[in-house]
Number of protein chains: 2
Amino acid sequence: MGIAERKEREKEARRGEILEAAEKVFFEKGLNQATMDEIAAEAELGKSTLYLYYRSKEDLYLAVMMRGSEVMFRLFMEATSTGEPTLKLIRNLGDAYYEFFKKHRNYFRMYYFFESPDLHTQVSDEMKAACFRNDEKIWGLVIGLIRKAIAEKVFRDDIDPQQTAVILWANANGLMRQMDRMEPYWRDAMKIDLDATLRRANTFVLQGMMTDKAKKQFAGLFE
Amino acid sequence: MGIAERKEREKEARRGEILEAAEKVFFEKGLNQATMDEIAAEAELGKSTLYLYYRSKEDLYLAVMMRGSEVMFRLFMEATSTGEPTLKLIRNLGDAYYEFFKKHRNYFRMYYFFESPDLHTQVSDEMKAACFRNDEKIWGLVIGLIRKAIAEKVFRDDIDPQQTAVILWANANGLMRQMDRMEPYWRDAMKIDLDATLRRANTFVLQGMMTDKAKKQFAGLFE
DNA sequence: TCAGATAATGACTGATGGTCAGTCAAGATA
DNA sequence: TATCTTGACTGACCATCAGTCATTATCTGA
């Protein structure tokens with residue numbers, strides 16, 4: 001059935017065009033200031049058409065966010081495929097997240113909405129589930145790496161991989177959130193070196209997780 | 001002029017009544033679902049009257065949030081006025097923040113909006129400034145304590161007090177955010193012990209900041 | 001060529017944040 | 001006591017915008 005397939009492709013393409021237009025408008029104006037009329041105009045479609053592809057404005061917003069998740073996932077894959085020692089890979093992961101933060105600030109900020117369920121009024125269950133699946137993929141990567149570190153006796157064996165992943169992630173994320181909000185103030189008024197702060201925080205938690213043996217072995221990584 | 005003063009008091013009281021009504025409605029429905037008409041009805045006033053006291057819905061929301069800040073500040077003051085050693089006081093601070101998170105979840109969640117400037121469409125500069133003043137008060141408390149710890153050689157003297165405060169805070173905050181969102185999932189499906197996770201993360205960063213001497217002296221605090 | 005299906009849309013609705021001209025009562029003035 | 005002034009308060013209103021639906025346009029297979 002060549003026709004059915006072509007139609008499928010065209011529909012998918014249209015979905016993509018809408019997403020592209022939405023991204024442009026959301027990046028420019030943010031969730032609340034962006035209007036569906038504007039996105040429709042950008043996509044050269046009627047507003048009603050958007051609703052044939054996405055159930056609500058919030059769903060569309062989250063769909064754009066998921067593109068960001070994919071960018072992040074690719075960065076993470078690259079960072080952990082260098083063949084370096086596991087500890088270095090975990091360090092790379094932190095650097096990759098920081099890179100995502102610096103280079104894709106627009107995507108980074110979209111998580112603000114996602115992580116504030118109080119603000120969700122029209123998010124469909126399907127979209128929420130899709131977002132969680134995306135999340136899981138990334139968690140899986142991190143947890144796998146930590147498991148490896150424990151198996152190699154780089155990380156202590158009395159820590160829980162999931163708990164550890166959460167701590168590592170929350171530490172980096174909490175700081176970057178804070179940085180995003182306070183960046184100019186910190187840099188200019190308080191003279192805080194942002195890169196150094198993040199690196200230091202990461203060092204603190206990593207060292208808490210490492211075995212004494214690994215601390216000696218990889219001392220060079222933390223100078 | 002007794003009359004002017006009485007009127008002043010009455011105006012202040014009305015402001016408080018509006019705040020009270022707003023809190024009730026916002027806690028029940030969240031920022032987006034709550035309507036100004038509903039808050040007005042709860043306060044037994046016309047909607048227009050609300051705008052004589054607060055410039056916008058978002059301002060009103062942040063005004064409620066600031067009540068939460070005050071609750072938090074009081075908890076912090078109590079936690080650090082016990083006369084215990086400085087390191088214990090810093091630990092207490094973390095516990096106090098966790099207590100705030102557990103007992104005042106509604107207030108805690110209001111920060112989600114405050115910390116996402118992308119979502120601000122009608123926040124007045126005055127209100128923003130007031131929120132920042134509130135923030136500063138709390139930062140001052142934390143930074144002061146860290147300075148004390150450095151002076152007492154409990155914390156290393158090569159760390160910056162402000163940087164350290166940021167790391168401590170972001171670590172706790174990032175984790176609690178994550179917990180807020182994932183609490184049921186973590187507890188039930190992943191069997192993660194939330195209290196223990198937070199405590200462990202705090203231990204990791206604290207130990208990174210401490211001098212070797214203090215680590216020996218206060219080993220008991222981390223078991 | 002035409003019937004049926006699917007894609008697309010413009011006009012519409014309902015909800016809601018915010019505004020404003022006007023009311024009314026308490027206090028000032030005489 | 002009668003009149004004026006002030007300012008707190010309000011109801012009716014407006015503008016905006018997410019989301020809906022009846023209708024139209026386009027394509028396809030017979």
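Each chain gets a letter, A, B and so on, in the order its sequence line appears, and its residues count up from 1. It should be emphasised that the depicted structure is a prediction, and the values quoted were computed from it without experimental measurement.
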Subject >> Derivation of the salt bridge (charged side-chain N to carboxylate O under 4.0 Å, His left out) call for B/E23 and B/R67 >> reply: CA-CA 9 Å; B/E23 177 168 304; B/R67 290 178 121 198; 2.8 Å; yes
**OP:** For the pair A/M66 and A/L19, evaluate side chain to side chain contact (heavy atoms under 4.5 Å, CB included) and give the outcome as yes or no after the intermediate values.
**Re:** CA-CA 11 Å; A/M66 280 204 288; A/L19 210 54; over 6 Å; no
**OP:** Not counting sequence neighbours, list each pair that qualifies as a salt bridge (Lys or Arg N to Asp or Glu O under 4.0 Å) and has a residue in residues 51-62 of chain A.
**Re:** A/R55-A/E126
Original post:
Would one find a side-chain N or O of A/Q122 under 4.0 angstrom from OP1 or OP2 of D/dG19?
Top reply: yes
Original post:
A/Q33 CD to C/dG17 P: how many Å, rounded?
Top reply: 15 Å
Subject >> Under-3.5 Å donor-acceptor pair between A/K11 side chain and C/dA7 base >> reply: no
Original post:
Where along residues 51-64 of chain A does a heavy atom fall under 4.0 Å from DNA chain C?
Top reply: A/L52, A/Y53
**OP:** May I ask you to say what B/A34 touches in the nucleic acid, namely base, sugar-phosphate or nothing, with a heavy-atom cut-off under 4.0 Å?
**Re:** sugar-phosphate
**OP:** Looking at every strand, decide which applies to A/T49 at a 4.0 Å heavy-atom threshold: base, sugar-phosphate, or nothing.
**Re:** base
Original post:
Taking the six-membered ring for Trp, are A/F101 and A/Y98 parallel (under 30°), tilted (30 to 60°) or perpendicular (over 60°)?
Top reply: parallel
Original post:
Base, sugar-phosphate, or nothing: which does A/A40 touch, judged by heavy atoms less than 4.0 Å apart?
Top reply: nothing
Subject >> Whole-Å gap separating P (C/dT9) and NZ (A/K47) >> reply: 13 Å
Original post:
What class does the angle between the rings of A/F108 and A/Y97 fall in, given that below 30° is parallel, 30 to 60° is tilted and above 60° is perpendicular?
Top reply: tilted
**OP:** May I have the distance from B/E10 (atom CD) to C/dG27 (atom P), rounded to whole angstrom?
**Re:** 8 Å
Original post:
Between atom CD in A/E44 and atom P in C/dA8, what is the gap in whole Å?
Top reply: 14 Å
**OP:** Dump the intermediate steps for salt bridge (charged side-chain N to carboxylate O under 4.0 Å, His left out) on B/R91 and B/E84, then the final yes or no.
**Re:** CA-CA 11 Å; B/R91 194 71 155 171; B/E84 293 166 295; over 6 Å; no
Original post:
Atom CG of A/D37 to atom C1' of C/dA8: distance rounded to whole Å?
Top reply: 15 Å
Original post:
Any idea how B/H120 and B/F113 line up, ring-wise: parallel (<30°), tilted (30 to 60°), or perpendicular (>60°)?
Top reply: tilted
**OP:** Round to a whole Å and report the spacing from CZ of A/R15 to C1' of C/dA8.
**Re:** 17 Å
